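First the proteins, then the strands, lettered A, B, ... as listed; each starts at 1. Remember, predicted model here, so these are calculated numbers, not experimental data.
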There are 2 protein chains.
Amino acid sequence: MSISERKKKILAAVVDEYVRTAEPVGSKAIASKAGLGCSSATIRNELAELVSLGYLEQPHTSAGRVPTPMGYRMYVNELMEKQRLSLEETEDINRRMNQKLRELDDTINDVSRLASQLTDYPALALTTRTAVTIKRFDIIYVDANTFIIVVMLSDNTVKNKLVKLPVSVDQKLVQRLSALFNSGFTGITEEAVTPLLINSTERAADDTMGVTSVIAAFAIEVLTEAQTPTASISGENRLLSQPEFRDPDKAHRLMGYLSGGGYILPPEESMEEAGEIKVLIGPENVAEELKDSSVVIATYDAGDNTKGMIGVVGPTRMDYSAVAAKLSILAAGLSRRLGSGEAPPEGMHNKLIIKGDTGNE
Amino acid sequence: MSISERKKKILAAVVDEYVRTAEPVGSKAIASKAGLGCSSATIRNELAELVSLGYLEQPHTSAGRVPTPMGYRMYVNELMEKQRLSLEETEDINRRMNQKLRELDDTINDVSRLASQLTDYPALALTTRTAVTIKRFDIIYVDANTFIIVVMLSDNTVKNKLVKLPVSVDQKLVQRLSALFNSGFTGITEEAVTPLLINSTERAADDTMGVTSVIAAFAIEVLTEAQTPTASISGENRLLSQPEFRDPDKAHRLMGYLSGGGYILPPEESMEEAGEIKVLIGPENVAEELKDSSVVIATYDAGDNTKGMIGVVGPTRMDYSAVAAKLSILAAGLSRRLGSGEAPPEGMHNKLIIKGDTGNE
DNA sequence: GTTGGCACTCTTTCCTTTCGAGTGCTAATA
DNA sequence: TATTAGCACTCGAAAGGAAAGAGTGCCAAC
């Protein structure tokens with residue numbers, strides 16, 4: 001069901017104003033602001049209709065209007081001006097990103113912190129990783145009790161571990177093991193690391209001291225860890241600067257949820273195409289704790305079939321357009337660096353496709 | 001200047017009660033509680049004197065008494081019952097620590113999180129590292145454009161980096177470089193990595209493609225990073241459950257300070273002997289933001305001349321004895337795992353030496 | 001030195017009043 | 001028919017005031 005042009009303008013004005021001031025907005029304010037040449041009385045009529053349509057609500061008779069989640073949805077889907085950041089801002093973001101990025105692992109923290117700084121909301125970053133295998137397996141002999149395991153994974157991350165044994169091993173054994181692991185344990189996923197495989201490796205290496213199992217344990221650990229989604233949240237405290245979280249209990253509850261690594265997105269629909277931005281408004285969130293907050297999430301391509309997400313959590317009264325624009329730049333930057341290379345080049349303003357929950361009604 | 005036994009008991013009772021309830025405590029409450037057989041009127045007289053001595057204060061005439069920082073100081077230095085945790089609690093802490101610990105690097109986050117969980121206050125963990133050198137240098141050849149640098153440091157941490165080059169290198173060169181770095185760059189500190197050294201290595205390796213400088217840059221990076229103190233803070237949101245931080249602005253300010261990695265301790269006196277616990281009460285803190293909070297810090301031995309600290313930040317009304325006891329166990333556990341081995345064995349209750357700021361007046 | 005008693009103080013809480021922003025409606029107007 | 005001006009009305013927020021209660025300080029008695 002569609003609504004008149006003027007209603008749309010008014011709705012947009014209400015949202016803009018409310019986002020700015022956090023106060024219910026009255027008919028006068030709109031009349032004096034939006035460029036539609038009509039008086040507050042007319043606006044009042046329109047507002048009343050918007051209320052009955054479900055886009056706005058009144059905290060109480062005789063207060064101004066406040067957008068409902070449905071109102072925000074409409075705003076985000078149709079009315080919002082897709083904000084284009086100025087060249088300076090874009091460059092600033094890219095510069096700050098460049099300073100920070102090394103490899104994915106160290107990155108995820110930095111990225112969420114950066115997102116939080118840019119938007120002034122709490123931010124989270126996460127990767128879901130798809131099946132990972134070991135690409136190379138090396139063991140460096142240090143001394144009779146010590147060696148270093150170095151594992152390179154299919155996503156080109158490298159993990160290492162220093163192993164100190166209570167018993168002495170000779171260098172030959174280590175070399176044998178290194179060779180065996182490098183042939184037997186590469187190219188397989190975690191499930192394929194069976195006790196059978198470990199046993200046969202142990203026998204083949206003529207290892208009587210249980211070194212094999214130590215190494216195998218590390219292999220499993222690395223594979224498991226690499227497949228476990230990692231999440232990082234920063235800037236929870238920024239919530240406190242939002243008027244809707246003046247109530248410490250409310251703030252505490254949400255912050256607790258966030259820093260508990262609470263799952264922000266439902267798993268089924270967790271991953272979008274890289275480059276898209278997803279907005280979940282209030283009750284559209286599955287987690288009870290987020291029912292009156294909103295989440296904006298950008299998906300990026302982290303290479304090797306891996307997608308990652310950066311998102312921002314805030315009150316439903318959130319500056320969706322600014323947040324979406326900034327996240328979009330961040331995500332594009334990440335895709336460019338980490339991804340398999342189909343991302344647009346740095347300078348380019350990307351399209352900013354915004355997807356809703358379902359494009360409801 | 002010393003005060004009577006009874007005054008001490010009363011002071012202790014005031015602190016205990018205030019810590020528990022967060023409400024100013026009145027004469028009646030003390031009379032009915034502390035085991036001293038005298039009536040509320042007597043207590044009132046004593047309280048009045050404690051106020052004039054500066055150990056207590058009244059928010060206003062006709063409210064109960066609240067300890068001053070000086071009162072807390074007295075309490076911590078002399079009156080506090082050094083809490084001994086039950087065996088179960090101790091074991092619980094140790095178990096939870098065991099689950100988590102791998103190497104120092106991953107640990108620091110886990111430790112601060114654990115400390116925060118245990119005490120229910122925000123916690124921070126940090127290490128200052130002393131001069132670190134490289135102990136071993138290996139380069140693993142992967143393919144013509146790719147190799148892995150593996151560096152083992154004097155503190156037995158291992159770092160690696162995957163290097164992808166735009167040009168092809170041959171395996172021989174990599175081997176030469178590996179050998180050269182392993183002899184030339186080991187045992188030296190960061191400052192000793194001079195352009196001169198890098199140049200001579202480059203020539204010796206007959207490297208015309210600038211590979212040497214890439215590797216040297218990594219060496220420098222690793223050394224620098226290893227010497228940079230790392231800090232980690234968790235559980236900031238727990239502040240919100242403390243009544244003194246019901247004011248969101250206050251909470252926000254402190255949380256902002258904390259998560260900005262604010263320096264909690266003055267550098268000069270930053271490091272104590274491992275095993276000691278240090279308490280900084282209210283205005284004893286140097287940072288303006290902490291002037292009405294307290295900090296409890298335990299120092300642990302992280303091995304290889306490195307000391308680390310775990311600390312907890314809370315309101316001055318803090319359960320010092322419980323926090324100190326828990327941190328002490330944590331610190332001992334860390335020393336045992338990471339340290340050079342003089343820490344007491346696990347089961348043992350350690351002495352819990354508590355040091356003040358200065359043992360003032 | 002200790003205790004009971006009592007007047008006094010000061011905050012907290014609750015109630016009432018006032019104020020004002022903003023509405024909804026009606027009647028006039030284009 | 002759509003818009004506007006005007007006006008009574010509503011309801012929350014802010015301001016004022018009275019009552020309640022906790023706790024003190026001090027005095028006189030023990």
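The CD-P distance, from E17(B) to dG23(D), rounds to 11 Å in whole Å. Rounded to whole Å, the distance from NE2 on H60(B) to P on dA22(D) is 13 Å. Here dG23(D) presents its P atom at 14 Å from OH of Y18(B), a figure rounded to the nearest Å. dA2(D) atom P lies 10 Å from atom NZ of K7(A), rounded to whole Å. One can place CG of N45(A) at 16 Å from P of dG6(D), the figure rounded to the nearest angstrom. Distance E23(B) CD to dG23(D) P: 9 Å, rounded to the nearest Å. Rounded to an integer number of Å, the gap from K28(A) NZ to dC7(D) P is 13 Å. Rounded to whole angstrom, the span from the CD1 atom of I43(A) across to the P atom of dT3(D) amounts to 10 Å.
In terms of phosphate contacts, S40(B) brings no side-chain nitrogen or oxygen within less than 4.0 Å of OP1 or OP2 of dT3(C). Contact between the side-chain N/O atoms of T42(A) and the OP1/OP2 oxygens of dT3(D) is not found at any separation under 4.0 Å. The shortest distance between the side-chain N/O atoms of T61(B) and the OP1/OP2 oxygens of dT24(D) is not below 4.0 Å. For the OP1/OP2 pair of dT23(C) and a distance below 4.0 Å, the side-chain nitrogens and oxygens of R65(A) include at least one atom meeting the criterion. Residue R6(B) has no polar side-chain atom (N or O) positioned under 4.0 Å from OP1 or OP2 of dG1(C). Within the 4.0 Å cut-off from OP1 or OP2 of dA22(D), not a single side-chain nitrogen or oxygen of Q58(B) is found.
In this structure, CD on Q117(A) lies 6.0 Å from CZ on R238(A), to the nearest 0.5 angstrom. Here the OG atom belonging to S116(B) is positioned 7.5 Å from the CG atom belonging to N237(B), to the nearest 0.5 angstrom. Atom CD1 in I310(B) sits 8.5 Å away from atom CG in L114(B) (nearest 0.5 Å).
Counting all heavy atoms, side chain and backbone alike, M80(A) lies closest to Y320(A) at SD-CB, 3.7 Å.
Counting non-hydrogen atoms under 4.0 angstrom, S62(A) reaches a base of the nucleic acid. Residue A41(B) is classed as a base contact, given a heavy-atom separation below 4.0 Å to a base.
Between G26(A) and S39(B), the residue anchored closer to the 5' end of DNA chain C is S39(B), taking for each the nucleotide with the nearest heavy atom.
One donor-acceptor pair, N or O on each side, does fall under 3.5 Å between the base of dG5(C) and the side chain of R44(B).
A salt bridge links R246(A) and D249(B); the closest N-O separation between the charged side-chain nitrogens and carboxylate oxygens is under 4.0 Å.
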